[in-house]
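Worksheet: the structure to be examined is printed underneath.
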There are 2 protein chains.
Amino acid sequence: MEASNQKRVAAWHVALYGLVGGALITFLKVIEYKHFVHEFTSEVYGGLVALIFTVVGVYLGLKWTRAKEIVVIKEVSVPANGPFVLNTEKLKELGLTPREHEILGLIAQGLSNREIGEKLFVSENTVKTHSSRLFEKLSVNRRVQAVQKAKDLGLIP
Amino acid sequence: MEASNQKRVAAWHVALYGLVGGALITFLKVIEYKHFVHEFTSEVYGGLVALIFTVVGVYLGLKWTRAKEIVVIKEVSVPANGPFVLNTEKLKELGLTPREHEILGLIAQGLSNREIGEKLFVSENTVKTHSSRLFEKLSVNRRVQAVQKAKDLGLIP
DNA sequence: CGCGAAATCACCCGAAAGAATGACGACAAC
DNA sequence: GTTGTCGTCATTCTTTCGGGTGATTTCGCG
């Protein structure tokens with residue numbers, strides 16, 4: 001869509017250029033028949049034509065490349081919601097072990113300790129131990145708070 | 001640094017343009033003295049000059065704006081981070097009462113039932129009743145699940 | 001080899017949460 | 001006036017959580 005649009009614009013400008021050129025040639029012919037050119041030297045005449053067409057050329061060049069400028073956009077965003085990048089620094093800073101981090105993710109999915117235990121093939125008691133240490137490291141005392149804080153810190157999606 | 005560099009380039013091109021223009025005028029004078037122009041009509045002569053200077057103009061226009069392209073870059077980001085709009089339809093669809101919705105928000109903030117009761121000046125039992133009905137309407141049975149689902153549905157920020 | 005970190009599991013206990021049920025007052029709608 | 005919804009509160013009971021303590025195994029590092 002972008003490319004075809006550009007092509008259409010270019011074609012339009014070419015046509016415009018042809019029309020302007022034709023009009024100018026006609027104009028030259030007219031002033032010639034009116035003996036306008038005989039009052040000046042061919043030097044001045046050539047200079048006039050050169051000036052006019054240079055202006056036209058520069059104008060067209062600007063016009064064309066102006067369309068190019070728009071296309072040259074560049075992404076420079078930061079706060080956006082990317083696919084999610086884990087905050088490894090915070091992870092280390094808090095001293096979360098891989099297992100604790102894993103369980104944190106499962107807690108965030110709304111699973112109970114028992115369900116987590118079944119999913120990981122460990123006892124519910126083990127899950128409770130992990131989550132306890134997890135809460136301690138996150139300085140929270142409820143799982144909802146843990147989830148909220150973990151999301152803020154970029155530990156979970 | 002970027003700006004001064006651009007200025008220097010522009011000045012250079014202006015000078016170049018002047019030199020080329022002078023050279024062409026000299027060229028025209030030479031061919032005139034050699035009776036070159038007398039072999040053609042002034043139309044053809046003007047057309048030639050027009051063609052040459054148009055090409056020069058377009059070239060210069062492209063050259064100038066090509067430098068501009070680099071300047072135009074940056075900007076444009078697509079964070080799509082809306083401030084949060086409440087999904088009123090889902091709210092009605094689920095039949096959540098204002099009170100239930102309010103408590104849902106407090107649950108999402110990690111508050112316990114008791115804390116919510118104190119905040120709203122009602123008994124903890126009332127909070128439990130509300131949250132029970134809330135879970136029923138959301139088809140969940142744990143508060144973390146409720147928070148997760150509510151966020152997905154756009155019921156809370 | 002000893003030492004520490006990590007993971008595992010167990011037991012206890014109190015608090016919180018969840019499910020179920022019943023009840024009462026206010027208020028709008030029919 | 002009857003009906004229905006909403007908010008309020010209570011009681012009972014079960015499950016889940018969270019905190020605390022202790023123990024075992026495994027693994028890597030010095």
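In what follows, every chain begins at residue 1, and chains take the letters A, B, ... in the order their sequences are listed. Keep in mind it's a predicted model, so treat the numbers as computed, not measured.
In this structure, the nucleotide among C/dA19, D/dA10, D/dG19 sitting nearest to the side chain of B/Phe135 is C/dA19. Closest to the A/Asn141 side chain, of the nucleotides D/dA10, C/dA7, D/dG19, is D/dG19. If you check C/dA10, D/dG18, D/dC9 against the side chain of B/Val122, the one that comes closest is D/dC9. For B/Thr129, counting side-chain heavy atoms from C-beta on, the closest listed nucleotide (D/dC9, C/dA10, D/dG7) is D/dC9.
Between the P atom of C/dA5 and the CG atom of A/Leu96 lies a distance of 16 Å, rounded to the nearest Å. Between B/Lys92 atom NZ and D/dC6 atom P there is a gap of 13 Å when expressed in whole angstrom units. Atom CG of A/Leu134 and atom P of C/dA7 are 12 Å apart (whole Å). D/dC17 atom P lies 11 Å from atom CZ of B/Arg143, rounded to whole Å. Atom P of nucleotide C/dA17 and atom CD of B/Gln145 are separated by 15 Å, given to the nearest angstrom. Distance CZ (A/Arg133) to P (C/dA5): 11 Å, rounded to an integer number of Å. Atom C1' of nucleotide C/dT8 and atom CD of A/Glu124 are separated by 14 Å, given to the nearest angstrom. Look at CZ on B/Arg142: it is 14 Å from C1' on C/dA16, rounded to the nearest Å.
Screening B/Arg143, B/Glu100, B/His101 for a side chain to side chain contact (heavy atoms under 4.5 Å, CB included) with B/Leu134, the sole residue that qualifies is B/Glu100. When each of B/Val127, B/Val122, B/Thr126 is checked for a side chain to side chain contact (heavy atoms under 4.5 Å, CB included) with B/Arg99, only B/Val122 meets the rule.
Contacts between residues 99-120 of chain B and DNA chain C, defined by a heavy-atom separation under 4.0 Å, are made by B/Ser112, B/Asn113, B/Arg114.
A continuous path of hydrophobic side-chain contacts links A/Leu153 to A/Phe84 [ILVMFWY only; heavy atoms under 4.5 Å].
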